[in-house]
Amino acid sequence: MGGKNRAALSLAEKPVTCLKGVGPKKAERLARLGIRSVQDVLFHLPVRYQDRTRVVPLGSLRAGDEAVCEGVIDHVEIRFGRRRSLLVHLSDSSGRIILRFFHFSATQKNALSRGARLRCFGTVRNGPACLELVHPEYRLVREEDGQEEEATLTPVYPTTEGMHQLSWREITGRALELLGQDDSGLEELIPQALAERHSLGDLASALRYLHRPSADAPRSLLQQGRHPAQRRLVFEELVARQLSLRAARRSLRQLRAPVLYGAGELRRALIAALPFELTAAQQRVVKEIAADLEKPLPMLRLVQGDVGSGKTVVAALAALQALEAGWQVALMAPTELLAEQHLRSFRDWLEPLRLPVGWLSSRVKGRARSSLLEALATGEVPIVVGTQALFQEEVAYHRMGLVVVDEQHRFGVHQRLALRDKGAGQGEVPHQLIMTATPIPRSLAMTAYADLDLSVIDELPPGRTPVQTVVVSDSRREEVIERVRAACARGRQAYWVCTLIEESESLQCQAAEETARQLAGSLEGLEVGLVHGRLHSAEKEQVMAAFKAGDIDLLVATTVIEVGVDVPNASLMIIENPERLGLSQLHQLRGRVGRGATESHCVLMYHPPLGEHSRVRLAVMRETTDGFLISQKDLELRGPGEILGTRQTGEMQFRVADLLRDQYLLEEAREAADWLLRQAPEKVRPLIDRWLGADTRYVQV
Ligand code: ADP
Ligand code: MG
């Protein structure tokens with residue numbers, strides 16, 4: 001392929017400008033949707049279909065139908081209500097309907113005279129008097145014109161500014177012609193044997209069908225994305241995705257990593273000093289990690305554990321293993337607050353073992369910074385905690401053996417691979433341990449993170465009582481404040497979480513300041529603290545330390561405390577406007593309480609009226625504290641991009657698959673990927689290229 005002869009080009013290589021009617025301007029618009037080749041056009045599937053294949057008698061129309069209908073104009077009038085509108089009364093032998101226009105010209109009105117015959121297309125709705133079509137497409141017809149219905153269902157494409165549905169139909173029509181001329185322009189990459197195993201049809205037929213389904217096609221099946229033709233395409237894409245992640249994984253495993261073998265004396269010392277016993281789940285995961293670290297291959301392991309399951313100590317034990325072996329460790333967290341929290345835990349645990357713990361964030365500047373960088377480069381500081389600043393170019397390590405990343409779902413594959421470049425030296429790369437509290441379902445995890453091994457901490461430390469959650473309207477604010485007073489009077493501590501429009505951190509902080517002032521006013525005698533993202537880390541640290549020490553009774557906070565913060569004596573949390581947050585975020589927040597042995601409570605104080613969606617979400621929070629269940633619900637309500645935190649990075653964007661809708665295919669797609677790797681390895685690269693295109697840069701490194 002790739003010859004100079006145009007005819008020999010595959011559709012993947014033919015630019016959209018090959019299609020008649022696509023000039024530079026349209027090509028640019030298409031590029032905005034990531035459509036560059038003729039093949040991309042073919043993979044741009046309709047979101048839905050209209051049935052213009054038959055004319056529906058007026059008497060059989062129902063509200064909600066999208067249909068073609070035809071009738072004779074009985075009467076035309078202009079109504080002057082709140083909005084001026086043109087009403088056209090239409091009837092046929094079976095019934096009648098009104099066409100309603102809010103915008104119309106005099107010419108338009110004049111053309112619509114009594115007795116004229118109109119053919120219309122639009123969505124039927126209930127009007128004040130009878131069924132109506134608002135701003136339908138229409139044209140005048142003569143009875144003798146004869147049938148002009150469409151032969152296939154009419155596709156409706158996802159679009160971008162400046163691209164009309166008619167253009168889409170034209171462009172996809174031309175692309176289908178090219179496909180028709182020469183099926184070989186789009187190579188069939190699923191071998192016959194595999195297609196039979198999974199009951200898949202061929203690619204070209206699936207595409208032809210989906211762009212122009214026959215008049216009798218099962219529309220509801222198509223609407224649900226469950227038609228065999230859709231399944232064929234989704235399947236191939238999921239397989240390609242699997243293959244690409246496997247390739248990433250393989251390319252990583254070709255590298256070497258230091259063998260982190262230690263005698264275990266530091267680990268034993270830490271375990272002996274802990275005020276608790278590790279849970280069985282923690283012990284199992286610690287073992288899984290330890291075995292990986294002793295291998296000369298880079299570990300890439302994801303530790304999934306619900307909020308409060310005790311991931312930090314597991315990370316600390318892994319770190320100690322690296323230190324025992326004489327290597328350095330870096331622990332990275334997504335926010336400064338969370339990183340600081342880890343710093344405190346690590347200092348508490350490691351300094352008694354005479355291990356200095358370094359600290360690096362973008363706010364560490366001047367002398368402190370340069371001396372830390374120096375100490376990292378010489379290896380004098382064996383372990384460092386911080387934010388993404390840890391992986392800036394200027395930071396060099398002496399012997400980096402292990403990188404721990406907390407709350408990984410906020411980092412993408414790219415960042416993960418960037419860490420790798422902070423090589424251990426001599427052609428070796430560090431091991432990576434990734435921790436997340438987002439308990440995504442296993443099948444999804446295997447797709448999102450097929451390049452990672454998975455360990456699950458599926459047990460909470462003993463003695464925790466599940467948090468009791470109530471949902472109340474903010475009209476009961478006074479009662480809630482009383483509740484805080486009563487809890488604090490019994491020696492308990494509480495959080496008061498303010499949520500606001502997420503985009504504006506400064507507004508959020510202002511609101512929290514205002515709330516703290518008011519609460520301090522109503523709760524005389526209680527110490528009210530405040531923490532938000534705008535405080536300097538020293539101030540935040542001071543407030544958190546005071547809260548932890550019990551000097552602050554009520555801590556007013558923004559959602560910065562979402563992850564990681566740990567104060568076992570805090571047993572009450574008020575969340576204002578919880579309806580603004582996603583389920584997973586609420587779960588994380590609520591996880592800040594219920595960490596001690598006393599019964600904890602969470603009050604979700606919403607601002608009425610509550611939409612249907614919010615009502616469902618808050619009910620889920622009230623009914624369960626099971627992170628997996630909550631995340632499954634969240635997945636259903638918001639979609640995987642939000643849950644995996646990949647929406648912003650675009651990493652999990654699919655062309656035709658929808659992880660939620662197509663979850664049922666994931667397992668089969670994995671099997672198919674295995675089969676291809678064994679039986680038809682020559683198809684692997686073409687499949688990845690076809691579906692992930694330019695995005696696969698990172699797996700080739
Ligand atoms: P997360 O998994 O949410 O990061 P942490 O590591 O912050 O949880 O642990 C939550 C709290 O539980 C901490 O106070 C930690 O010291 C404590 N903890 C961890 N493991 C155990 C255990 N096995 N038994 C009792 N408490 C534990
Ligand atoms: Mg944590």
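In each ligand, atom 1 is the first atom listed, and ligand 1 is the first ligand listed. Note: hydrogens, waters and symmetry copies are ignored here, and every other heavy atom, side chains too, is used.
Listed by atom number, the atoms of ligand 1 under 4.0 Å from E277 heavy atoms are 22 (C), 23 (N), 24 (N). Those atoms of ligand 1 that come under 4.0 Å of a heavy atom in T279, given as number and element, are 23 (N). Listed by number with element, the atoms of ligand 1 under 4.0 Å from a non-hydrogen atom of V307 are 3 (O). Less than 4.0 angstrom separates some heavy atom of L278 from each of these atoms of ligand 1: 23 (N). Taking every non-hydrogen atom of T312 and a distance limit under 4.0 Å, the qualifying atoms of ligand 1 come out as 4 (O), 5 (P), 6 (O), 7 (O).
In plain terms, the two heavy atoms of A269 and L353 that are nearest each other are CB-CD2, 3.5 Å.
In the model, Q432 has no side-chain atom that pairs as donor or acceptor with a side-chain atom of R301 under 3.5 Å. Residues Q304 and T436 bring no donor and acceptor atom of their side chains to less than 3.5 Å of each other. Residues Q493 and N569 have side chains that bring a donor and an acceptor to within less than 3.5 angstrom of each other. In this structure, a donor-acceptor pair under 3.5 Å is absent between the side chains of S371 and E374. No side-chain donor-acceptor contact under 3.5 Å links D292 and H431.
Scanning G308, P275, S345, P462 for the heavy atom closest to atom 3 (O) of ligand 1 points to G308.
Salt bridge annotation for R267-E324: present, with a cationic side-chain nitrogen under 4.0 angstrom from a carboxylate oxygen.
In this structure, G305 falls outside the shell of residues with a heavy atom less than 4.0 angstrom from ligand 1.
Considering backbone and side-chain atoms alike, W349 places every N or O at 3.5 Å or more from each N or O of ligand 1. Between G310 and ligand 1, at least one N/O pair is under 3.5 Å apart.
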